[in-house]
Amino acid sequence: MRECGKCGGQAVMRLEHARTDFCGKCFSKNFEEKVAKANHDFKLVRRGDVVAVGVSGGKDSAAMLFVLKKLADKIGEITLKPVLVDEGIDGYRNKAIICAEKVCERLQMPLEKISYSEALGVSMDEAMKKRELAEKIHRSCSYCGVFRKYCLNKVAKQAGASKLAIGHNADDVTQTFLMNLLRGEVERNEQFAAYTGSSQRVLFVPRVRPLIYCTELECAYYCVLNEIPFHRGGCPYASESFRGEVKDFLNSVEEKHPGTKKSLLNSFLSLKEKLGETWDNTETGESKAIIPTAHPACSQCGEYRSKESEGELCRACELAGELKNVSR
Ligand code: SF4
Ligand code: ZN
């Protein structure tokens, strides 16, 4: 029998990257401490915040909501508002929504929803059919990533949120870091951090990533051990995703060389620290991890327009417009 490295009780799992065996109780405590550490290190949520918590029905966001609830109760004067984006992917998201509803019901929190159809006039399933006739064809996740960010920001604003918590775990962060390097888009890492936002971007709800120190596997363990329901199915469009390829690559390296992903995460964080992005901004509540430039609103929808948008429209309106111009 293996012993828990923390309390000496019976271990139920081993985290290879930490070279430690854990019993269920010590594992959950360790997971919650990691979230609290991220909150402390990057000044993510504070007293007085209204936090929109993005939930999807998956394990990461379910674990995040549970731990944030505990953390919010401990800190006090923090309101959590779960929000969900329905992409309109039949057989996938509709099943995940049921899990998200169960989680919110258990925590007695109302779940606010927004769909691509209502916000942008096109569901993901429709977008995938229409893109074949559009002038430019993009990968499925290129549409979906832009639409999701747009909807999350919109629903967070509707909820009156001062922060938007995203369930990106350590695996997601290392994948994004590596993807940006592989694509030659290193400047994207400037705007990517545990906390991104600025009071100069009035239309943009600052984003926080409380799971930055927790791996995907740990999120799954946490849900299983705490009997938190989550959806296990995969997205039917995921096979097109570049992220999927990077994820497989990192997992295979991790298997041969445990600790590689952790090293990559540490490289990302120390690089940002070297660039002077220390996130220690308690006075202003701002993150230095972004270029604090205000961009004009989208001329069509009035929402936040990032500096990547070339014209007067936000990227979501551009992409949705390309699809709407298709005649079928
Ligand atoms: Fe959207 Fe791609 Fe994720 Fe599917 S895999 S939900 S298309 S981002
Ligand atoms: Zn727009």
Side-chain angles (χ1 to χ4, degrees), residues 54-62 83-97 99-100 113-132 134 137-158 166-169 171-173 175-176 179-180 183 192 201-205 216 219 230-248 294-325:
V55 294
S56 64
K59 59 190 178 320
D60 306 324
S61 57
V83 295
L84 179 139
V85 177
D86 179 1
E87 299 94 342
I89 304 175
D90 195 33
Y92 169 59
R93 185 57 71 212
N94 47 340
K95 289 183 183 165
I97 290 174
C99 292
K113 294 181 203 142
I114 188 168
S115 68
Y116 289 0
S117 298
E118 76 188 76
L120 290 152
V122 63
S123 70
M124 256 319 269
D125 285 340
E126 287 163 353
M128 290 303 90
K129 283 182 197 141
K130 288 185 170 191
R131 74 171 165 172
E132 276 145 45
I137 299 182
H138 309 278
R139 283 182 190 233
S140 50
C141 302
S142 302
Y143 293 100
C144 197
V146 170
F147 292 172
R148 185 183 297 114
K149 276 185 202 153
Y150 177 91
C151 287
L152 277 171
N153 193 62
K154 198 176 167 88
V155 73
K157 277 198 297 160
Q158 283 166 5
I166 307 279
H168 286 167
N169 57 45
D171 289 67
D172 297 321
V173 173
Q175 286 156 22
T176 304
M179 281 162 68
N180 289 340
R183 283 175 170 147
F192 177 61
R201 289 178 167 184
V202 283
L203 295 171
F204 180 84
V205 181
E216 185 178 345
C219 293
F230 66 92
H231 181 60
R232 290 158 205 255
C235 169
Y237 306 121
S239 56
E240 287 180 31
S241 110
F242 181 44
R243 179 178 290 277
E245 290 172 42
V246 172
K247 180 179 178 171
D248 291 345
H295 296 283
C298 168
S299 63
Q300 187 169 299
C301 69
E303 290 290 333
Y304 163 77
R305 180 155 72 83
S306 75
K307 69 175 181 139
E308 281 102 37
S309 316
E310 286 155 17
E312 295 293 304
L313 301 184
C314 69
R315 191 73 188 119
C317 282
E318 272 173 15
L319 284 177
E322 285 173 18
L323 297 167
K324 280 181 204 147
N325 289 335

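For ligands, and for the atoms within them, numbers begin at 1 and follow the listed sequence.
Atom 4 (Fe) of ligand 1 lies at 2.8 Å or more from every N, O or S atom belonging to C144.
Between P236 and Y92 the shortest heavy-atom distance is CD-CB, 3.9 Å.
Between Y143 and H138, the ring planes are perpendicular. Angles over 60° get that label, and only those under 30° would be called parallel.
Rounding to 10 degrees, one finds that the Zn ion (ligand 2) sits at the corner of an angle of 110° between C317 SG and C301 SG. The angle subtended at the Zn ion (ligand 2) by SG of C298 and SG of C314 is 110°, given to the nearest 10°.
In this model, no donor atom of one side chain and acceptor atom of the other lie less than 3.5 Å apart for S140 and R131.
Close contacts between ligand 1 and C235 involve ligand atoms 4 (Fe), 5 (S), 6 (S), 7 (S) [criterion: under 4.0 Å to a heavy atom].
Tested against I114 for a side chain to side chain contact (heavy atoms under 4.5 Å, CB included), the candidates V155, V83, L120 yield a single pass: V155.
Of the candidates R148, M124, M128, it is R148 that places a heavy atom closest to atom 6 (S) of ligand 1.
Nearest protein heavy-atom neighbour of atom 2 (Fe) of ligand 1: C141 SG, 2.3 Å.
Geometrically, R148 does not engage Y150 in a cation-pi contact, judged by NZ or CZ lying under 6.0 Å from the ring centre and within 45° of the ring axis.
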